[in-house]
Each structure stands twice: as C-alpha cells, then as structure tokens.
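Read through the structure below, which is laid out as structure tokens, and then see the notes.
Computation of the quantities below employed the complete heavy-atom set of this structure, encompassing side-chain atoms and omitting hydrogens, waters and symmetry-equivalent molecules.
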Amino acid sequence: MKNVKLAIVYYSQTGHNYQMALWAKEAAEQAGAEVRLVKVKELLELNPENPAWVKYLEDSKDVPEATSEDLLWADAIIFSSPTRFGNVAAQMKLFLDTQSKIWAEGKLTNKVVTAMTSAMNNHGGQEMTVQAIYTTMMHWGAIIVPVGYTGDAVYAAGGNPYGTSGTATHEGFANDLEGAVKHQATRLVEVAGKL
C-alpha cells in the first residue's frame with residue numbers, strides 16, 4: 001500500500017468538509033498512502049459576519065488550491081463537498097468541470113475514487129451529492145469505491161453506503177463521522193493498492 005498516491009480534494013466554507021478531509025488524510029497516511037490535501041478555489045467573497053467561515057479560512061490558509069496536476073499525480077482521489085440544494089457545491093462543480101482537457105486525453109481513466117459530503121440537516125440531498133460526484137466519475141471512466149456497509153463505523157455515522165455524509169452543526173457534527181471517514185479512506189487506499 002505504500003506506493004498509493006492519494007489526492008484529497010475538498011471544498012469547505014465553514015470547516016466541516018475540511019475536518020472530514022483531515023480525518024481522511026490521517027487514516028490514509030496510516031494505511032501507507034502518500035497524501036496530497038488540496039482545496040478547491042473559493043468563488044464567493046468572504047462574509048466577515050460568519051465567524052465559522054473566518055475561522056476556517058485561517059485554519060486552512062496553508063492548504064494549497066487544487067489543480068489538474070493533483071489529479072494527474074494521484075492513483076486515488078477522495079472528493080468532499082458540502083451539499084447545496086441537493087447537489088454539489090458550485091466551487092467543487094467548477095473544479096470538476098474544468099478538467100475537460102485531461103479528461104479528453106484519457107488521463108482520468110481508472111483513477112480510484114470515493115466521495116463524502118455534509119449538510120446542515122439530516123437529509124437535504126446528502127446521498128444525491130455523493131451520487132452527483134460519482135456521475136462525473138463515471139464519465140471520467142474512474143473506478144468508484146463506495147463505502148458500502150463494510151464496517152460498524154458506517155452505521156454509527158448514519159449508514160450512508162454511497163459515501164460518508166454528516167449533519168453539520170455550529171458545534172461540529174450531529175453524528176459520529178470520524179470513524180466512518182477514516183474507514184472510507186482506508187478502504188479506498190486498500191482497494192487502490194490491490195488495483
């Protein structure tokens with residue numbers, strides 16, 4: 001497993017998907033992967049009246065912005081995006097949409113991928129967001145690794161078999177996500193290592 005190169009590509013506005021990405025990074029490194037943690041570019045102007053957004057920007061100031069090179073480098077990729085109106089956040093969607101050149105060259109084929117999300121309510125399209133990312137991955141010819149019901153941590157997080165999803169609150173998460181995220185990241189590294 002030591003030669004699996006994993007890119008964790010996330011978008012976060014108030015830090016929830018950033019936290020999920022950090023948990024994934026920790027688990028993937030423990031599983032022997034070489035990890036790049038990168039964030040997609042923000043499209044909105046900062047609202048200074050949102051303290052969680054201000055804190056997240058400070059916490060993540062050293063995380064580099066994602067580029068096509070990160071996808072080319074990676075054997076495996078974890079995508080993490082908030083749910084927006086039952087879909088992928090615009091920032092993540094734009095990043096995915098701008099990969100058409102390397103997609104057309106066939107350079108995204110056979111990447112091993114999985115996805116995660118969070119939303120401010122229990123439903124709101126969390127599963128649809130993960131599936132929307134997977135729809136793009138099918139067009140890429142990527143190999144999708146859903147989390148399935150492959151461990152107890154999946155159930156503790158709410159039982160989403162597509163990819164870990166959490167209900168974000170002002171205090172963190174309403175469900176126990178850390179174990180599920182780490183399980184999903186480890187599973188991805190193990191599958192990528194076998195391939």
Side-chain angles (χ1 to χ4, degrees), residues 6-25 35-47 50 52-53 56-57 59-60 63-147 160-168 173 177 181 184-185 188:
L6 172 66
I8 302 173
V9 181
Y10 78 92
Y11 171 70
S12 196
Q13 193 172 72
T14 57
H16 294 93
N17 281 267
Y18 176 53
Q19 179 60 68
M20 293 170 75
L22 291 174
W23 286 331
K25 180 178 186 290
V35 180
R36 282 189 190 178
L37 176 68
V38 291
K39 60 186 175 189
V40 300
K41 184 176 181 174
E42 180 58 81
L43 303 176
L44 302 173
E45 289 188 30
L46 171 67
N47 176 359
N50 184 335
W53 194 356
Y56 160 69
L57 289 176
D59 291 347
S60 67
V63 177
E65 283 189 0
T67 67
S68 297
E69 175 54 36
D70 297 309
L71 302 181
L72 294 171
W73 168 84
D75 303 309
I77 308 163
I78 297 173
F79 292 100
S80 189
S81 170
T83 294
R84 296 287 191 262
F85 301 109
N87 212 320
V88 180
Q91 292 85 344
M92 179 65 78
K93 184 70 168 80
L94 179 63
F95 176 76
L96 296 173
D97 287 350
T98 57
Q99 304 312 314
S100 58
K101 181 180 186 302
I102 60 174
W103 163 79
E105 295 170 347
K107 294 180 178 174
L108 298 173
T109 303
N110 295 333
K111 298 291 182 177
V112 185
V113 300
T114 199
M116 313 181 292
T117 189
S118 68
M120 293 296 286
N121 48 39
N122 291 331
H123 301 288
Q126 292 181 19
E127 291 178 351
M128 293 174 69
T129 299
V130 172
Q131 289 179 348
I133 292 171
Y134 290 164
T135 297
T136 300
M137 297 304 103
M138 286 184 252
H139 284 258
W140 286 8
I143 299 166
I144 298 167
V145 180
V147 71
N160 184 343
Y162 308 104
T164 305
S165 64
T167 302
F173 292 103
L177 285 195
V181 168
Q184 185 172 355
L188 183 71

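Side chains of E127 and S165: a donor-acceptor N/O pair is absent below 3.5 angstrom, by distance only.
At least one side-chain heavy atom of Q126 sits under 4.5 Å from a side-chain heavy atom of T167. With a 4.5 Å cut-off on side-chain heavy atoms, I78 and M20 do not count as touching. The shortest distance between side-chain heavy atoms of T114 and Y134 falls below 4.5 Å. The shortest side-chain heavy-atom distance between L177 and Q19 does not fall under the 4.5 Å cut-off. Using a 4.5 Å cut-off on side-chain heavy atoms (C-beta onward), V112 and L188 make contact. Put simply, the side chain of W53 reaches to within 4.5 Å of the side chain of E42, judged on heavy atoms. In this structure the side chain of S60 reaches within 4.5 angstrom of the side chain of K39, judged on heavy atoms. In this structure, the side chains of V9 and L71 come closer than 4.5 Å at one or more pairs of heavy atoms.
A distance-only check finds a donor-acceptor pair linking the side chain of W103 to the backbone of H139 [under 3.5 Å]. In this structure, the side chain of T135 engages the main chain of Q131 through a donor-acceptor pair within 3.5 Å. For the pair Q184 (side chain) and A115 (backbone), a donor-acceptor distance under 3.5 Å is present. Under a 3.5 Å cut-off, the side chain of S81 and the backbone N or O of A89 do form a donor-acceptor pair. Between the side chain of Y11 and the main chain of V88, no donor-acceptor pair closer than 3.5 Å is present.
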* With ring pair (Phe, Tyr, Trp, His ring centres under 6.0 Å) as the test, would you mind laying out the steps for Y56 and Y18 before giving the verdict? => CA-CA 8 Å; Y56 160 69; Y18 176 53; 5.4 Å; yes
* To do: Any chance you could lay out the side chain to side chain contact (heavy atoms under 4.5 Å, CB included) test for L37 and Y10, step after step, and finish with the verdict?
  => CA-CA 8 Å; L37 176 68; Y10 78 92; 3.9 Å; yes
* To do: Determine, stepwise, if the pair W140 / K111 fulfils side chain to side chain contact (heavy atoms under 4.5 Å, CB included).
  => CA-CA 8 Å; W140 286 8; K111 298 291 182 177; 5.6 Å; no
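In plain terms, the two heavy atoms of N87 and A132 that are nearest each other are OD1-CB, 3.7 Å. Taking all atoms of both residues into account, the shortest heavy-atom contact from T83 to A119 is CB-CB, 3.8 Å. Of all non-hydrogen atoms in H16 and S118, the two that sit nearest each other are CB-OG, 3.9 Å. Considering every non-hydrogen atom in both W73 and A7, the closest pair reads CZ3-N, 4.0 Å.
Remark: L44 CG to N50 CG distance equals 11.0 Å, nearest 0.5 Å. For the atom pair CE (M92) and CG (D97), the distance works out to 11.5 Å, reported to the nearest 0.5 Å. Distance check, rounded to the nearest 0.5 Å: CE of M138 to CD1 of I143 gives 13.5 Å. In this structure, the separation between CD1 on I144 and OG1 on T136 is 9.5 Å, given to the nearest 0.5 Å. Rounding to the nearest 0.5 Å gives a distance of 9.5 Å between CZ of R84 and OG1 of T129. Distance check, rounded to the nearest 0.5 Å: CG of L96 to OG1 of T98 gives 7.5 Å.
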